[in-house]
Amino acid sequence: MNVPVKTLNDGHYIPTVGLGTYQIRGGAGIDQVLAAIQDGYRLLDTSTNYDSEGIVGEAIRRSGIPRAEFFVTSKLPGKYHHYDDALMMLQESLCRMGLSYFDLYLIHWPLPKRGLYVEAWKALITAQKLGLCRSIGVSNFEPAHLDKLISETGVIPAVNQIEVHPYWVQEERLAEDKKRGILTEAWSPLGRGSAALQEPLLKELAQKYHKGVGQIILRWHTQRGIVPLPKSSKLIHQRENLALFDFTLTAAEIAQINTLNRADGRVDDQDPNEYEEFD
């Protein structure tokens with residue numbers, strides 16, 4: 001299945017939907033990622049903190065598909081924000097995956113109380129110059145964090161991966177990323193174990209378009225310019241999550257879905273200004 005691509009601010013291309021690998025682990029995880037690859041996924045999103053880097057790398061090797069056809073993302077854990085630590089951790093992650101470069105490498109959380117994210121960003125800039133990653137970006141960064149990176153280094157992140165789903169719509173954050181030329185990716189795009197799949201509005205739209213509720217939500221993301229990263233271990237859902245581009249929601253329908261936003265909509269109440277990442 002051919003998935004459309006978007007162009008990042010550094011000129012590289014990224015598929016418009018990818019596979020999240022949070023809690024996909026072990027031998028079963030290899031099979032799940034391999035099945036996704038065989039169904040057409042090429043954007044594979046992992047992280048050192050997910051404990052899935054190794055199985056993603058193994059699935060890529062077993063697929064028999066050339067490395068150049070994949071867009072592989074991983075993320076820097078908070079305990080490695082010091083410059084030298086960040087460079088070494090990135091290289092360790094490459095070794096775990098059996099890869100020579102990442103297509104995209106992100107700082108997983110800003111951790112502003114520690115105040116080291118600019119130092120970590122400088123390490124990613126160096127890694128990009130060394131050819132260890134083609135594109136560099138961030139995850140869970142607020143506008144003030146982005147501006148600090150840009151003002152102190154002159155390098156704008158290619159991507160900001162943030163929590164977005166129907167209960168946490170993030171209109172302001174999307175606008176802030178777009179203003180800076182940064183692509184927004186969505187983690188937990190369906191909501192983690194979300195009741196959103198039972199929302200009457202979404203069920204009505206699914207019936208109208210002869211699609212699943214998850215497909216309606218993911219199309220809502222892509223039409224808002226977001227790259228969603230749904231996680232699924234089930235083959236049928238993996239296939240459905242790619243089949244998004246043969247229908248189009250109206251602007252009014254997108255606005256209706258936006259009204260599902262909740263003030264307490266975060267899945268784990270992780271405020272990037274306060275959150276202290278697990279080690």
Given side chains that start at C-beta, do those of [X] and [Y] come closer than 4.5 Å, heavy atoms only?
X: Leu124; Y: Val155; answer: no
X: Pro15; Y: Val227; answer: no
X: Leu229; Y: Leu43; answer: yes
X: His81; Y: Ile107; answer: yes
X: Arg173; Y: Val164; answer: no
X: Tyr117; Y: Leu111; answer: no
X: Gln170; Y: Ile226; answer: no
X: Ser52; Y: Tyr22; answer: no

In one Ile/Leu/Val/Met/Phe/Trp/Tyr side-chain cluster, 4.5 Å: [X], [Y]:
X: Leu201; Y: Ile216; result: yes
X: Leu99; Y: Ile14; result: no
X: Val159; Y: Leu149; result: no
X: Ile136; Y: Phe71; result: no

**Message:** When you compare the side chains of Thr222 and Thr16, does any donor N or O come within less than 3.5 Å of an acceptor on the partner?
**Reply:** no

**Request:** Consider only side-chain N and O atoms of Tyr80 and Thr48, and report whether a donor and an acceptor are under 3.5 Å apart.
**Result:**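 Not at all, the side chains of Tyr80 and Thr48 share no donor-acceptor pair under 3.5 Å.
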
**Asked** Are the side chain of Ser135 and the backbone of Leu104 linked by a donor-acceptor contact shorter than 3.5 Å?
**Response**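 Looks like no, no N/O pair under 3.5 Å.
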
**Side chain Gln238, main chain Gln32, donor-acceptor under 3.5 Å** = yes

**Partner residues of Arg96 under the salt bridge (Lys or Arg N to Asp or Glu O under 4.0 Å) criterion, sequence neighbours left out** = Glu53, Glu92

Enclosure of [X] [atom1] (heavy-atom neighbours >12, cutoff 6.0 Å):
X: Glu172; atom1: CD; result: no
X: Gln207; atom1: CD; result: no
X: Phe245; atom1: CZ; result: yes

**Contacts of Glu163 that satisfy side chain to side chain contact (heavy atoms under 4.5 Å, CB included) - sequence neighbours left out** = His165, Trp168, Trp187, Arg266, Val267

**Asked** side chain to side chain contact (heavy atoms under 4.5 Å, CB included) with Arg180: which residues, sequence neighbours excluded?
**Response**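 Expected list: Pro143, Leu146, Asp147, Ile150, Glu176, Ile182.
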
Please round to the nearest 0.5 Å and tell me the distance separating atom [atom1] of [X] and atom [atom2] of [Y].
X: Trp109; Y: Leu76; atom1: CH2; atom2: CG; result: 14.0 Å
X: Ile55; Y: Thr46; atom1: CD1; atom2: OG1; result: 7.0 Å
X: Leu183; Y: Lys178; atom1: CG; atom2: NZ; result: 11.5 Å
X: Ser74; Y: Leu44; atom1: OG; atom2: CG; result: 11.5 Å

[X] to [Y] - nearest heavy-atom pair and separation:
X: Ser232; Y: Ile24; value: O-CD1, 4.2 Å
X: Gly137; Y: Trp121; value: O-CZ3, 3.5 Å
X: Cys133; Y: Leu90; value: SG-CD1, 4.1 Å
X: Ala86; Y: Ala123; value: CB-CB, 3.6 Å
X: Phe102; Y: Ser93; value: CZ-CB, 3.7 Å
X: Asn160; Y: Phe141; value: ND2-O, 2.9 Å

[X] and [Y] ion-paired at < 4.0 Å:
X: Lys231; Y: Asp45; answer: no
X: Glu240; Y: Lys211; answer: no
X: Lys122; Y: Glu119; answer: no

**Message:** Is the distance between the ring centroids of Tyr50 and His108 under 6.0 Å?
**Reply:**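 When the ring centroids of His108 and Tyr50 are compared, they turn out to be within the sub-6.0 Å range.
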
**Request:** Check His12, Arg67, Arg42 against Asp103 for a side-chain hydrogen bond (donor to acceptor under 3.5 Å, both in side chains) and give me the one that passes.
**Result:**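 Of His12, Arg67, Arg42, side-chain hydrogen bond (donor to acceptor under 3.5 Å, both in side chains) with Asp103 is met by Arg67 alone.
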
**Request:** Among Arg219, Gln223, Lys208, find the one that has a side-chain hydrogen bond (donor to acceptor under 3.5 Å, both in side chains) with Glu253.
**Result:**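 Checked Arg219, Gln223, Lys208 against Glu253; only one passes side-chain hydrogen bond (donor to acceptor under 3.5 Å, both in side chains): Lys208.
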
